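Keep in mind it's a predicted model, so treat the numbers as computed, not measured.
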Amino acid sequence: QVQLVESGGGLVQAGGSLRLDCAASGRTFSTYNMGWFRQAPGKEREFVAFIVWSGGWSYYADSVKGRFTISRDNAKNTVYLQMNSLKPEDTAVYYCAAAQTLHATVVVTTSYDYWGQGTQVTVSS
């Protein structure tokens, strides 16, 4: 099992940057594929970014491509989401998720086994 705790959210002006951290418990973190999702009020949970267990491959939603970067440090049991050039539409609760196995569809929530409690990101104009 994996327990995930997100941190690093906050209030930032449009054009600014934030880095989100997701700290994972357990000694098997390096075997899990990791994703970031976000959910705005009244909206469904939306895929943001994915990184394979080795860190060698990543995938991004079109809405964040070129602005966000996902990375991981398996020695520290941590996955990161660096967010640059933030826009008001990026405002949401951001969730870290872990998948025990690699699914063909990494953009849907059902592909993941564990979820963090979320961290709020608010981008003002």
Side-chain angles (χ1 to χ4, degrees):
Q1 298 183 15
V2 174
Q3 186 173 21
L4 307 173
V5 179
E6 302 95 334
S7 62
L11 175 64
V12 64
Q13 293 186 357
S17 298
L18 283 174
R19 191 186 76 169
L20 306 183
D21 298 352
C22 175
S25 65
R27 297 182 179 91
T28 60
F29 171 76
S30 63
T31 69
Y32 287 82
N33 304 294
M34 303 295 297
W36 283 98
F37 287 74
R38 65 188 183 186
Q39 188 167 23
K43 299 295 185 75
E44 294 184 353
R45 195 163 295 187
E46 175 190 26
F47 170 78
V48 175
F50 171 85
I51 188 166
V52 75
W53 68 270
S54 66
W57 182 76
S58 58
Y59 179 74
Y60 300 89
D62 288 341
S63 59
V64 306
K65 192 176 299 181
R67 299 188 297 121
F68 291 10
T69 302
I70 188 172
S71 62
R72 67 191 298 164
D73 187 339
N74 288 343
K76 297 180 179 179
N77 280 16
T78 303
V79 62
Y80 307 94
L81 185 68
Q82 178 66 48
M83 305 184 295
N84 298 325
S85 301
L86 283 163
K87 305 174 181 179
E89 51 262 45
D90 295 319
T91 295
V93 176
Y94 282 71
Y95 296 90
C96 180
Q100 297 181 66
T101 58
L102 179 62
H103 296 265
T105 304
V106 300
V107 302
V108 297
T109 59
T110 52
S111 294
Y112 298 84
D113 304 292
Y114 304 100
W115 294 85
Q117 76 282 5
T119 185
Q120 177 70 51
V121 172
T122 302
V123 184
S124 62
S125 300

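Residue I70 comes nearest to M34 through the heavy atom pair CD1-O, 4.2 Å, listed as atom of the first residue, atom of the second, then distance. The minimum heavy-atom distance between V79 and C96, with the atom names listed, is CG1-SG, 3.6 Å. Of all heavy-atom pairs spanning A14 and P88, the tightest one is CB-CD, 4.1 Å. Between F47 and V107, the shortest heavy-atom contact is CB-O, 3.3 Å. When all heavy atoms of T78 and A23 are compared, the pair lying nearest together is OG1-CA, 4.4 Å. Closest approach of A49 and L81 over heavy atoms only: CB-CD1, 4.2 Å.
Distance CG/L86 to OG/S17: 6.0 Å, rounded to 0.5 Å. Note: R72 CZ to N77 CG = 9.0 Å, rounded to the nearest 0.5 Å. Atoms CG and CD, from D113 and Q100 in turn, are 4.5 Å apart once rounded to the nearest 0.5 Å.
Here the side chains of Y112 and N33 are not in contact, with every heavy-atom distance at 4.5 Å or above. Looking at heavy atoms from C-beta onward, E89 lies out of side-chain contact with S63 at the 4.5 angstrom threshold. The side-chain heavy atoms of T119 and S7, taken from C-beta on, include no pair separated by under 4.5 Å. Here the side chains of W53 and L102 are not in contact, with every heavy-atom distance at 4.5 Å or above. With a 4.5 Å cut-off on side-chain heavy atoms, M83 and D90 do not count as touching.
Judged by the 6.0 Å and 45° rule, R67 forms no cation-pi pair with Y60.
With hydrogens and angles disregarded, no donor-acceptor distance shorter than 3.5 Å links the side chain of E6 to the backbone of C22. No donor-acceptor pair under 3.5 Å is formed between the side chain of T122 and the backbone N or O of T91.
Just one residue in the list Q120, Q39, R38 forms a side-chain hydrogen bond (donor to acceptor under 3.5 Å, both in side chains) with Y94, and that residue is R38. Checked options N84, V48, L18; the residue passing with F68 is V48 (criterion: side chain to side chain contact (heavy atoms under 4.5 Å, CB included)).
Side-chain heavy atoms closer than 4.5 Å link hydrophobic residues (I, L, V, M, F, W, Y) into clusters, and following such links, even through other members, never connects Y95 to V64. Follow the hydrophobic side-chain contacts under 4.5 Å out from I51 and you reach W36 in the same cluster. Clustering ILVMFWY residues whenever any of their side-chain heavy atoms sit less than 4.5 angstrom apart, transitively, puts W115 in a cluster other than the one holding Y32. Under the 4.5 Å side-chain heavy-atom criterion for Ile, Leu, Val, Met, Phe, Trp and Tyr, V106 and L20 are members of distinct hydrophobic clusters. Residues V108 and Y114 do not share a hydrophobic cluster, clusters being chains of Ile/Leu/Val/Met/Phe/Trp/Tyr side chains in contact below 4.5 Å.
Residue K43 qualifies as open at atom NZ: its count of foreign heavy atoms under 6.0 Å is 12 or below. Other residues, nucleotides and ligands contribute at most 12 non-hydrogen atoms within 6.0 Å of the CD atom of Q3.
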